[in-house]
Visitor: 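Before we start, here is the structure in question, set down as structure tokens.
Bear in mind that the values here come from a model prediction, so they are computed numbers and not experimental data. Heavy-atom basis, side chains included; hydrogens, waters and symmetry copies ignored. Naming convention: chains lettered A, B, ... in sequence-line order (proteins, then strands); numbering from 1 in each chain.
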Amino acid sequence: RKEVEQDPGPFNVPEGATVAFNCTYSNSASQSFFWYRQDCRKEPKLLMSVYSSGNEDGRFTAQLNRASQYISLLIRDSKLSDSATYLCVVNINTGGFKTIFGAGTRLFVKA
Amino acid sequence: TAGITQAPTSQILAAGRSMTLRCTQDMRHNAMYWYRQDLGLGLRLIHYSNTAGTTGKGEVPDGYSVSRANTDDFPLTLASAVPSQTSVYFCASSDGRLGVHEQFFGPGTRLTVL
């Protein structure tokens, strides 16, 4: 089983739609969580951190469920520019920190 | 500031040849990383360095070596390339301080080994 799993998609949604992605992690020593965004043929960039109480950044909301070991990303009022691959990232405390990237979920927003 | 740069942008390499992928950052970050990204597998850590003068093995280190002579540079060397090393290679850096985890990535190097 992969340490971090994501639905690869693709998710095809119209502009203005709300879309949500989940990501599950298997290691209970996972301590911090992030969503990165990666555009086609570009490098990943941090989208937002995920806090235990949940957090919002504009149209984006991230949530963490430690009991069920998953994190989620909700995008409201989707824009064409939201089309990208969203990577779930987990830091695991193994003495030092080990960072695990999910394979990503592809999102296409269409006019 | 440039952030983190990689060279070359892309390369076609004959199997058995050696090659060094270059990575330079100007953010004075302590930690640096090399990843490869393959379709469906996500980013996999090859080697890392927590600070200048130290390196460590990641998830897929075989066939690769790194050095960290100074803070800014973290080259990745393929001693004898094989076709399975065809991939996109990303270098990244992070501040490395406790609790500061954001990684900044370079633009990547697309390597094809024939």
Side-chain angles (χ1 to χ4, degrees), chain A residues 1-10 21-27 29-52 55 57 62 64 71 73 84-106, chain B residues 2-7 9-10 21 23-25 27 29-51 54-61 87-112:
Chain A
R1 182 186 174 187
K2 293 181 182 178
E3 289 190 272
V4 175
E5 293 202 66
Q6 297 183 249
D7 181 343
F21 313 132
N22 280 345
C23 164
T24 59
Y25 61 93
S26 60
N27 194 320
S30 299
Q31 285 206 341
S32 53
F33 309 87
F34 309 87
W35 285 102
Y36 278 67
R37 171 193 169 128
Q38 186 173 22
D39 294 305
C40 187
R41 301 179 74 87
K42 298 286 188 181
E43 70 273 22
K45 293 183 180 179
L46 180 67
L47 176 66
M48 60 196 301
S49 302
V50 185
Y51 301 123
S52 296
N55 49 296
D57 183 1
L64 167 63
I71 67 172
L73 177 67
T85 297
Y86 291 84
L87 308 178
C88 170
V89 182
V90 174
N91 279 344
I92 302 170
N93 189 348
T94 60
F97 274 99
K98 176 180 164 184
T99 301
I100 305 294
F101 285 79
T105 297
R106 296 186 72 188
Chain B
I4 185 163
T5 59
Q6 292 184 236
T9 301
S10 64
L21 280 60
C23 174
T24 300
Q25 53 105 358
M27 297 176 281
H29 283 169
N30 286 321
M32 297 188 75
Y33 315 86
W34 273 106
Y35 294 91
R36 60 178 289 172
Q37 187 173 38
D38 303 289
L39 193 63
L41 295 178
L43 287 157
R44 291 183 292 168
L45 184 65
I46 304 170
H47 285 287
Y48 66 92
S49 169
N50 286 329
T51 189
T54 69
T55 62
K57 293 182 179 180
E59 180 185 356
V60 288
S87 188
V88 180
Y89 290 85
F90 287 103
C91 180
S93 70
S94 66
D95 185 290
R97 287 177 293 166
L98 186 65
V100 182
H101 298 295
E102 180 180 358
Q103 293 190 20
F104 295 83
F105 286 81
T109 294
R110 296 183 172 275
L111 179 65
T112 301

Visitor: Is Tyr35(B) in contact with chain A via its backbone, its side chain, both, or neither, using a 4.5 Å heavy-atom distance?
Guide: side chain
Visitor: Of the backbone (N, CA, C, O) and the side chain (C-beta and beyond), which part of Pro44(A) lies under 4.5 Å from a heavy atom of chain B, both, or neither?
Guide: both
Visitor: To the nearest 0.5 angstrom, please state how far the CD atom of Gln37(B) sits from the OG1 atom of Thr85(A).
Guide: 8.0 Å
Visitor: If I take atom CD from residue Glu43(A) and atom CD from residue Gln6(B), how far apart are they, to the nearest 0.5 angstrom?
Guide: 8.5 Å
Visitor: How would you list, by chain and number, every residue that makes a side-chain contact (heavy atoms from CB on, under 4.5 Å) with Ala31(B), sequence neighbours excluded?
Guide: Tyr33(B), Ser94(B)
Visitor: Rounded at 0.5 Å granularity, tell me how far OH in Tyr36(A) sits from CZ in Phe105(B).
Guide: 6.0 Å
Visitor: Between atom CD of Glu102(B) and atom NZ of Lys45(A), what is the distance when rounded to the nearest 0.5 Å?
Guide: 11.0 Å
Visitor: Non-hydrogen atoms of chain B under 4.5 Å away: do they reach the side chain of Lys42(A), the backbone, both or neither?
Guide: backbone
Visitor: Which residues pass the side-chain contact (heavy atoms from CB on, under 4.5 Å) test with Asn91(A), sequence neighbours left out?
Guide: Ser32(A), Phe34(A), Phe97(A), Thr99(A), His101(B)
Visitor: Which bit of Leu87(A) is near chain B, if near means a heavy-atom gap under 4.5 Å: side chain, backbone, both or neither?
Guide: side chain
Visitor: If you compare all heavy atoms of Leu41(B) against all heavy atoms of Ala103(A), which two are closest, and at what distance to 0.1 Å?
Guide: C-CB, 4.0 Å
Visitor: Relative to chain A, which segment of Leu43(B) carries a heavy atom at a distance below 4.5 Å: side chain, backbone, both, or neither?
Guide: both
Visitor: Does any backbone or side-chain atom of Gln38(A) lie under 4.5 Å from a heavy atom of chain B? Answer side chain, backbone, both or neither.
Guide: side chain
Visitor: Quick check on Arg44(B) against chain A: is it the side chain, the backbone, both or neither that has a heavy atom closer than 4.5 Å?
Guide: neither
